[in-house]
Amino acid sequence: MLISWNITKACNLKCEHCYRDAGNSQNNELSLEEGKTLLSDLKSLGFRLIIFSGGEPLLRDDLYELISFSRSLGLISVLGTNGTLIDDNIAQKLKQVGLKRVGISLDSVIPQRHDRFRGIDKSWEKAVGGMKSCKKVGLEFQVHTTVTTKNINEVLNITDFAQKIGAQAHHIFFLVPTGRGKNIDTVIPSAAEYESLLTNILEKQSKVSIELKPVCAPQFTRIARTRHIDTRFEKGCLAGVSYACILPDGTVHPCPYLPIDLGNVREQGIIDIWQKNETLKKLRDAEWGGKCGICEFKDICSGCRAAAFYQSQGDYLAEDINCSYEPKRKKIIEDPAI
C-alpha cells in the first residue's frame, strides 16, 4: 500500500497541468509533529511506501527530518520532484537520510518544449542536472512524463533518454484534468491514441532494461494480459483501495487526481478515515457504471476513477471513456445472437 503526501503547495515552477495548482505555500500545512503522527498511523495501517510530493517538496525545510523519521519506522520513502533544485549536495543529503528513490519530471527530450510546459526557462537543464547529481552520488532516480497530444509522439524517445542517463524507471502519466489541468483538457489524447501508446509502451518494455509503467491509464493491464506481455503491475487503478493522497492541510483524497474530500487527518485521523469512509468502501466494492461495470477485465483494471469523475462531471463510479475496449458481455447484450 502506498500514500502520496503533498507536503507543501509551494512550488518554483508554473506547470500548465499542475493537479495541485501549486505556487505558494499554505499557512495551514501539516507541521513536522503532525507529519510524524501521520507517518506513524500510516505504518500501523500497513502502508509500506510514502511518496513525498508537492508542490515542490524540496521547498519544505523539514523534508529531510520527515524522510529520516519515515525510515526509522521501516517505511520506504520516495520523492516526487521537478528536479530543478537538486544538486550534488542535495542529492547526497537525500541519500544520507534514507530516501530510496527520486522521481524527476521530464516531458520532452527537447529542452524548449519541456520549459514551455513547465512555465520556467532552463527547467529542463536543471531537471537533467538533478538526474546527473543523483547518479553521481548513487541515489536511485526515475523519470516521470505527463502525456498530452503535444508530446505523445516522443514518449518512447524519453524512455531511451531515461535509460541512457541512468534512470531505474520511466513512469508515464496520462493527463487527468484537475487543478490547472482543467485549462488544458483539449490536449488529452483520444481513446485510440491511448490504446496505441499503451501498446507501444508495453512492447518497448522488452527492449529496455528500465521499468516502464503507465499511470492513470489502467487499461494497460488488459493490453498486457491479452498480448501476453509480462509486467509486475497486476492492478490498474489503486485509488482508495491501496492508495490515497494527503493534501498539505491534511485533507485526504482517494488519489492525487480525484478531488473528493474524505476527511482531514487533523480532525479524524487517517486510521479512522481509511477504515470507515463510505466513499472508500464504494471504491473497494468496485461497482462501476457503464462498460467498466460489465468488463471482463474490471478486476485488474477498474478504469481510471479520476478520469471517470472528470468525464461524468462528478461520478467517480462511472465508466472511463478513455478506454476504447468494448467488453464481450456488452456485445452479447446488444446482440444476443453473438
Side-chain angles (χ1 to χ4, degrees), residues 15-17 51 53 78-84 86 91 100-118 123-136 138-176 187-236 257 304 322-323:
C15 304
E16 291 183 358
H17 68 299
I51 306 168
S53 185
V78 298
L79 190 70
T81 172
N82 59 49
T84 62
I86 299 177
K100 174 63 176 177
R101 183 177 291 185
V102 180
I104 297 177
S105 299
L106 195 77
D107 300 302
S108 178
V109 293
I110 301 170
Q112 295 82 2
R113 186 175 293 173
H114 172 90
D115 290 355
R116 283 196 298 271
F117 193 53
R118 296 284 163 174
S123 57
W124 188 94
E125 177 183 328
K126 292 177 180 178
V128 171
M131 296 177 197
K132 291 178 178 178
S133 289
C134 290
K135 177 71 173 177
K136 182 177 180 180
L139 176 61
E140 289 186 5
F141 70 94
Q142 63 188 48
V143 173
H144 292 169
T145 298
T146 298
V147 179
T148 70
T149 54
K150 297 179 181 180
N151 68 350
I152 192 170
N153 293 324
E154 62 172 312
V155 169
L156 299 187
N157 293 335
I158 302 173
T159 295
D160 291 334
F161 178 90
Q163 178 169 260
K164 184 176 181 180
I165 202 170
Q168 274 67 41
H170 183 200
H171 286 196
I172 301 154
F173 292 72
F174 286 69
L175 178 65
V176 177
V187 299
I188 296 175
S190 67
E193 288 171 321
Y194 266 63
E195 191 81 4
S196 177
L197 178 57
L198 288 169
T199 301
N200 291 338
I201 291 169
L202 290 167
E203 292 179 346
K204 180 75 168 180
Q205 181 64 88
S206 65
K207 302 173 184 177
V208 294
S209 59
I210 64 174
E211 174 189 273
L212 304 184
K213 182 189 179 186
V215 182
C216 298
Q219 59 268 41
F220 84 88
T221 56
R222 168 193 36 93
I223 297 171
R225 177 167 294 185
T226 56
R227 291 177 174 265
H228 307 290
I229 298 173
D230 290 333
T231 173
R232 74 177 180 89
F233 303 105
E234 299 178 352
K235 177 72 173 174
Y257 313 100
C304 177
N322 286 338
C323 178

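Being a predicted model, the structure only gives us computed values, none of them experimental.
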(request) Give the C-alpha distance, both sets of side-chain angles, the deciding distance and a yes or no for salt bridge (charged side-chain N to carboxylate O under 4.0 Å, His left out) between Asp107 and Arg113. (result) CA-CA 8 Å; Asp107 300 302; Arg113 186 175 293 173; over 6 Å; no
(request) State plainly whether the residues Lys204 and Asp160 are in salt-bridge range, i.e. N to O under 4.0 Å. (result) yes
Under 3.5 Å, side chain of [X] to main-chain N/O of [Y], donor-acceptor pair present?
X      : Y      : value
Gln163 : Ser209 : yes
Glu154 : Val109 : yes
Thr145 : Leu106 : yes
Thr226 : Arg222 : yes
Gln142 : His170 : no
Gln205 : Leu212 : yes
Asn82  : Ala127 : no

Would you say that [X] contacts [Y] through its side chain, given a criterion of any heavy-atom pair below 4.5 Å between the two side chains?
X      : Y      : answer
Trp124 : Lys126 : no
Glu16  : Lys150 : yes
Thr199 : Arg227 : yes
Asn151 : Phe117 : no

(message) Would you compute the distance between atom CG of Leu197 and atom CG of Leu156 and round it to the nearest 0.5 angstrom?
(response) 6.5 Å
(request) Could you tell me whether Lys213 sits above the aromatic face of Phe233, with NZ or CZ closer than 6.0 angstrom to the six-membered ring centre and within 45 degrees of the axis? (result) yes
(request) Please indicate whether Lys135 has more than 12 foreign heavy atoms, meaning atoms of other residues, nucleotides or ligands, lying under 6.0 Å from its NZ. (result) no
(message) Atom NZ of residue position Lys136 - does it have more than 12 heavy atoms of other residues, nucleotides or ligands inside 6.0 Å?
(response) no
(message) For a side chain to side chain contact (heavy atoms under 4.5 Å, CB included) check, start with the C-alpha distance between Glu193 and Ile152, then their side-chain angles and the critical distance, and finish with the verdict.
(response) CA-CA 9 Å; Glu193 288 171 321; Ile152 192 170; 3.9 Å; yes
(request) Determine the minimum heavy-atom distance between Cys304 and Val176, stating which atoms define it. (result) SG-CG2, 4.3 Å
(message) I'd like to know whether Ser105 forms a side chain to side chain donor-acceptor pair (under 3.5 Å) with His144, so could you lay out the CA-CA distance, the side-chain angles of the two residues, the decisive distance to 0.1 Å, and finally the verdict.
(response) CA-CA 4 Å; Ser105 299; His144 292 169; 4.9 Å; no
